[in-house]
Asks: 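I am attaching a structure below and will ask some questions about it afterwards.
Sequence lines set the chain letters: A, B, ... in the order given, protein chains first and strands last, and positions in each chain run from 1.
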Protein chains: 2
Amino acid sequence: MATTELAITISDAEWRVMRIVWTLGQADSRTIIDLLEQQHDWKAPTIKTLIGRLVKKGALGTTKNGRQFIYTPLIKEQAAMDGALLNELDQMCAMHRGTSLVHVLEQTELSKTDVQNLIDCLAQKLPTAPDMVACDCLPNGCEGSCEP
Amino acid sequence: MATTELAITISDAEWRVMRIVWTLGQADSRTIIDLLEQQHDWKAPTIKTLIGRLVKKGALGTTKNGRQFIYTPLIKEQAAMDGALLNELDQMCAMHRGTSLVHVLEQTELSKTDVQNLIDCLAQKLPTAPDMVACDCLPNGCEGSCEP
DNA sequence: TCCCTTCGTTTACAGATGTAATCTTAATTG
DNA sequence: CAATTAAGATTACATCTGTAAACGAAGGGA
């Protein structure tokens with residue numbers, strides 16, 4: 001069987017690097033360093049370390065270009081985003097996720113298209129949505145301890 | 001001025017402890033340990049460490065009850081959830097957040113009430129929603145590098 | 001009163017993360 | 001060809017996190 005494929009974890013700082021490469025499609029270290037030095041107070045070696053860790057983690061691939069490397073994303077941006085958010089949500093109380101998502105939507109700037117897509121998605125869920133989602137914080141269900 | 005109030009960060013393992021205390025409203029260490037030993041392969045000392053760190057961080061308060069302590073949450077569950085999710089979202093490309101939220105909603109079990117609240121929230125945003133949200137991954141905007 | 005249980009505290013230790021200096025090597029330039 | 005520069009690799013180090021053993025004090029039971 002294939003190598004055990006544990007989801008790649010990208011740290012906050014590493015996320016900045018990935019965003020550059022995802023947006024540009026590919027980039028050499030000079031480009032990444034120049035861009036990140038503008039956005040943060042990071043020194044070049046710091047950024048090199050982050051790039052190195054991302055390559056080791058398998059989040060970035062390298063192609064030799066003369067003396068340098070060209071870095072390309074090996075994982076999809078949207079998939080990484082979805083995974084990180086679902087991961088975070090999954091560790092929270094199932095009963096309160098809905099409310100939290102309302103708060104998140106309220107505070108997030110969304111395009112008309114996004115809003116429409118979200119509405120469509122919800123409209124589709126509405127008919128089959130359960131009357132309530134139980135709290136899953138305790139081993140034996142909520143046993144009346146938690147009120148919505 | 002008051003003590004600098006840096007938002008409290010709760011790690012994954014600590015989150016498990018908080019969920020118990022949030023759900024029960026308050027709990028002594030015996031209760032927390034018993035419940036978590038059922039859910040995980042953690043030893044009692046591990047859980048004690050987590051409780052201790054949460055107290056030090058200011059996420060849990062203590063009240064002496066004879067020889068023991070009663071732990072109570074000092075931060076709100078919903079606020080912690082909202083904060084963690086917004087934090088995660090905020091470090092991602094603004095242009096792609098909407099799509100990610102669609103994926104998250106698709107994969108999250110929501111009650112009818114949640115779905116309705118979400119729809120209401122979106123209906124309210126729709127009129128004023130911008131036609132598009134720009135990518136904010138590069139210092140000077142996207143300069144055509146990123147297509148939606 | 002003396003031992004055992006229990007609680008909370010202290011110490012331990014490896015891996016991840018943020019942050020960066022140093023070094024090696026190859027290329028650039030005068 | 002020598003000196004400088006730039007790229008990637010190696011090393012550094014404090015903090016946070018996951019995971020836990022060990023320890024000291026306080027109570028409870030024999």
Asks: Think A:Tyr71 has a side-chain N or O under 4.0 angstrom from the OP1 or OP2 of D:dG8?
Replies: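 For D:dG8, OP1 or OP2 has a side-chain N or O of A:Tyr71 closer than 4.0 Å.
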Asks: Does C:dA16 have OP1 or OP2 under 4.0 Å away from a side-chain N or O of A:Thr9?
Replies: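 For C:dA16, OP1/OP2 do not have a side-chain N/O of A:Thr9 under 4.0 Å.
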Asks: Hydrogens and angles aside, do B:Asp120 and B:Gln124 bring a side-chain donor and acceptor to less than 3.5 Å of each other?
Replies: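 No, because no side-chain N or O of B:Asp120 sits under 3.5 Å from a partner of the opposite role on B:Gln124.
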Asks: Tell me the interatomic distance from A:Leu50, atom CG, to C:dG18, atom P, rounded to whole angstroms.
Replies: 7 Å
Asks: Checking all strands, does B:Asp41 fall into the base, sugar-phosphate, or nothing category for heavy-atom contacts under 4.0 angstrom?
Replies: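 The answer is sugar-phosphate, as B:Asp41 gets under 4.0 Å only of primed atoms, P, OP1 or OP2.
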Asks: Do the rings of B:His40 and B:Trp42 sit parallel, tilted or perpendicular, given the 30° and 60° boundaries?
Replies: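 Because their plane-to-plane angle is under 30°, the rings of B:His40 and B:Trp42 count as parallel.
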Asks: Between the side chain of A:Lys125 and the main-chain N/O of B:Val115, is any donor-acceptor distance below 3.5 Å?
Replies: no
Asks: Once you apply a heavy-atom cut-off of 4.0 Å, does B:Lys43 come out as touching a base, just sugar-phosphate, or nothing?
Replies: sugar-phosphate
Asks: May I ask you to say whether A:Lys57 pairs ionically with A:Glu14, meaning some side-chain N is under 4.0 Å from a carboxylate O?
Replies: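 Here A:Lys57 pairs with A:Glu14 in a salt bridge, since their nearest N and O are under 4.0 Å apart.
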Asks: Let me know the distance between CD of B:Gln39 and P of D:dT19, rounded to the nearest Å.
Replies: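 Checked: the CD to P distance equals 14 Å.
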Asks: Nearest whole Å is fine: how far is C:dG18 P from A:Glu37 CD?
Replies: 18 Å
Asks: Strictly by modelled atom types, are A:Asp114 and A:Ser111 linked by a side-chain donor-acceptor pair under 3.5 Å?
Replies: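 Judged by distance alone, the side chains do pair up.
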Asks: Check the distance between D:dG18's P and B:Ile10's CD1 and give it to me in whole angstrom.
Replies: 12 Å
Asks: What is the nucleic acid contact for B:Asp12, judged by heavy atoms within less than 4.0 Å: base, sugar-phosphate only, or nothing?
Replies: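 Counting heavy atoms under 4.0 Å across all strands, the contact made by B:Asp12 is with sugar-phosphate only.
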Asks: B:Ile51 CD1 to C:dG8 P: how many Å, rounded?
Replies: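 B:Ile51 atom CD1 is separated from C:dG8 atom P by 7 Å.
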Asks: Is there a side-chain contact between B:Thr46 and the phosphate of D:dT19, meaning an N or O under 4.0 Å from OP1 or OP2?
Replies: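 For D:dT19, OP1/OP2 do not have a side-chain N/O of B:Thr46 under 4.0 Å.
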Asks: Look at B:Thr49 and D:dG18 and indicate whether a side-chain polar atom (N or O) is within less than 4.0 Å of OP1 or OP2.
Replies: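 It does not, given that no N or O in the side chain of B:Thr49 lies less than 4.0 Å from OP1 or OP2 of D:dG18.
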Asks: Can you check the B:Arg30 CZ to C:dC7 C1' distance for me, whole Å?
Replies: 9 Å
Asks: When the distance from NZ of B:Lys56 to P of C:dG8 is rounded to whole Å, what number comes out?
Replies: 16 Å
Asks: Rounding to a whole Å, what distance do you find between A:Ile47:CD1 and D:dA6:P?
Replies: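 After rounding, the gap between these two atoms is 15 Å.
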Asks: A:Asp28 and A:Arg67: salt bridge (charged side-chain N to carboxylate O under 4.0 Å, His left out), yes or no, with the steps?
Replies: CA-CA 11 Å; A:Asp28 57 29; A:Arg67 65 234 134 255; over 6 Å; no
Asks: Examine C:dT6: is either OP1 or OP2 under 4.0 Å from a nitrogen or oxygen in the side chain of B:Ser29? Give yes or no.
Replies: no
Asks: Could one point to a donor on the side chain of A:Arg16 or the base of C:dG18 with an acceptor on the other under 3.5 Å away?
Replies: no
Asks: Does OP1 or OP2 of D:dA25 have a side-chain N or O of B:Arg67 closer than 4.0 Å?
Replies: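 No, because none of the side-chain N or O atoms of B:Arg67 sits under 4.0 Å from OP1 or OP2 of D:dA25.
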Asks: Is there a donor and acceptor pair closer than 3.5 Å between the side chain of A:Arg53 and the base of C:dT19?
Replies: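 Counting by modelled atom types and ignoring angles, a donor-acceptor contact under 3.5 Å is found here.
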Asks: What nucleotide, of C:dT19, C:dT17, C:dG8, holds the atom closest to the side chain of A:Lys57?
Replies: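 For the A:Lys57 side chain, the nearest candidate turns out to be C:dT17.
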Asks: Tell me which of A:Lys48 and A:Ala13 sits closer to the 5' end of DNA chain C, going by the nucleotide each one is nearest to.
Replies: A:Ala13
